[in-house]
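The block underneath contains the structure these notes are about, expressed in structure tokens.
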Amino acid sequence: MDLSWLFLLLFLGDSLLVNVSGNIVFPVQHKFKGRERNLSALKAHDVRRHGRFLFDVDLELGGNGQPSETGLYFAKLGLGSPPKNYYVQVDTGSDILWVNCVGCKSCPKKSGLGLDLTLYDPKSSSTSSLVACDQAFCTSTYNGQLSGCRPDVLCQYEVVYGDGSSTSGYFVNDNVQFDRVTGNLQTAPGNGSIIFGCGAKQSGELGTSSEALDGILGFGQANSSMLSQLASAGKVKKIFAHCLDNVNGGGIFAIGEVVKPKVNTTPLVPNQAHYNVVLKEIEVGGDNLSLPSDVFDNGFRKGTIIDSGTTLAYLPQVVYGELMTKILAQQPGLKLRTVEQQFSCFQYNSGNVDDGFPTVKFYFEGSLSLTVYPHEYLFQISDNVWCFGWQNGGDQTKDGKDITLLGDLVLSNKLVLYDLEQQTIGWTEYNCSSSIKVKDNSGVAYSVGAHNLSSASTLIIGRKLTFLLLVIATLLSFIN
């Protein structure tokens, strides 16, 4: 969840007494779809993140990646027997799935997102069981069995994020229900048995109601992730893809082998906590930026992070400076204003921004490139006022070290493929309102379409009114 470093700490405890071959789809919704949102909240969200068959699965998406409108995406999945629905944030920056549980301390009771929150109760599920400290999942995740472990001692977890917020609890084993792809644009219920966290205590932002969800669904690479567990059980391939539509909202999210469209890929940097790739150079308007050769290699944080859970794009200070200088050279008369003490914004009355600003192109190892058009790296906050989505990465980490991270702003309207079996990642420009083809274990390919889950209309109205106040304040800053 946080791209400032996230720590998963498994520890032992004996004070908790609780009884307890294809393609897949999940209903997913943008985290901030239809809720009050300002630019500071958006940036604060990214800072918090920077600390984090086989059958195919269809994960329904909602919302969009525009900073002035929405934020992260969340999914609806069923847990337990009989299954109950839970709304969980989809997070490629962390690994485990966890949900708030009955008896949780400081867990939110309601959500400002217009969602009904549900506490998971192991006692109410006929298929649940507790995970003890001597079981294989616990020992493998903790790299061995701790001294003093007994069969009646639970395997506990604690996740601490970069902003100081945390979740802690214990692991349980239960059924998860999802939408299995069975035909072109058709699904049927599917299920599997996984181990996930039962949240007993939350702190910081995780305990507030304004952005509350039932939990977090990590799509990281670790063996503890839901994806890894389902793949290990022979349920799915360790491959997933998303296409985020910031034009019409929603998009496509599928677990399975994508056969259409074809995607060029680049190797993942090994032994990294996130999806890191090797960025070679950056081109602005056809001209290469003159940058130090080692600027994208920051010690143990090697490479460039690709993270659909982050909204903006973050570059090392020297890269950010060169990039902005090159872009602004094409608009020498542009007057920049700082909005909310962090966003560089300007008034533009000269028509289409694609005609007045240069295209930015990133080149990666393996001949993979990423083209970012002005209408993608700029976002509009009123009819004639635009802001830059590029951010100084050196300002986003507690230790002041530069990070290179590309989020939704530049990944939207592209199909992004994560192939953990081949340890590659890739993308291609795509119409995210259309469909893709995923192939099941028998070799048959089916279409998986786009989804756009909507939020309560009253919350949408509330968000628009709040953002209107921000636009008025911004316009006044330009007048003054």
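None of these values were measured; they are calculated from a predicted model.
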Could you check whether the rings of Y348 and F346 sit parallel, tilted or perpendicular, using 30° and 60° as the cut-offs? perpendicular

Could you go through residues 257-266 and list every donor-acceptor pair under 3.5 Å that involves a side-chain atom there, pairing it with any protein atom two or more places apart or in another chain?
unit_1, atom_1, unit_2, atom_2, d
E257, OE1, K237, NZ, 2.8
T266, OG1, E365, O, 2.4

Measure centre to centre between the rings of F253 and H451, then say whether the value is under 6.0 Å. no

Salt bridge (Lys or Arg N to Asp or Glu O under 4.0 Å) partners for K280, two or more places apart: none

Is it true that S228 and N223 share a donor-acceptor pair across their side chains at a distance under 3.5 Å? no

Measure up the F240 and Y275 rings against each other and bin them: parallel (under 30°), tilted (30 to 60°), perpendicular (over 60°). perpendicular

Does the pair E283/K326 count as a salt bridge with the N-to-O cut at 4.0 Å? no

Describe, in one word, how the ring planes of F379 and F343 are oriented to each other, choosing from parallel (under 30°), tilted (30 to 60°) and perpendicular (over 60°). perpendicular

Looking only at side-chain N and O atoms, does Y418 offer a donor or acceptor that is under 3.5 Å from a partner on Q423? no

Centroid-centroid distance, F364 to W427, less than 6.0 Å: yes

Under 4.5 Å between any side-chain heavy atoms of T404 and I305, yes or no? no

Any side-chain donor paired with an acceptor under 3.5 Å for N100 and Q202? yes

Just by distance, with hydrogens left out, do D307 and T92 show a side-chain donor and acceptor under 3.5 Å apart? yes

Testing the 3.5 Å rule here: is there a donor-acceptor pair between the side chains of S203 and S166? yes

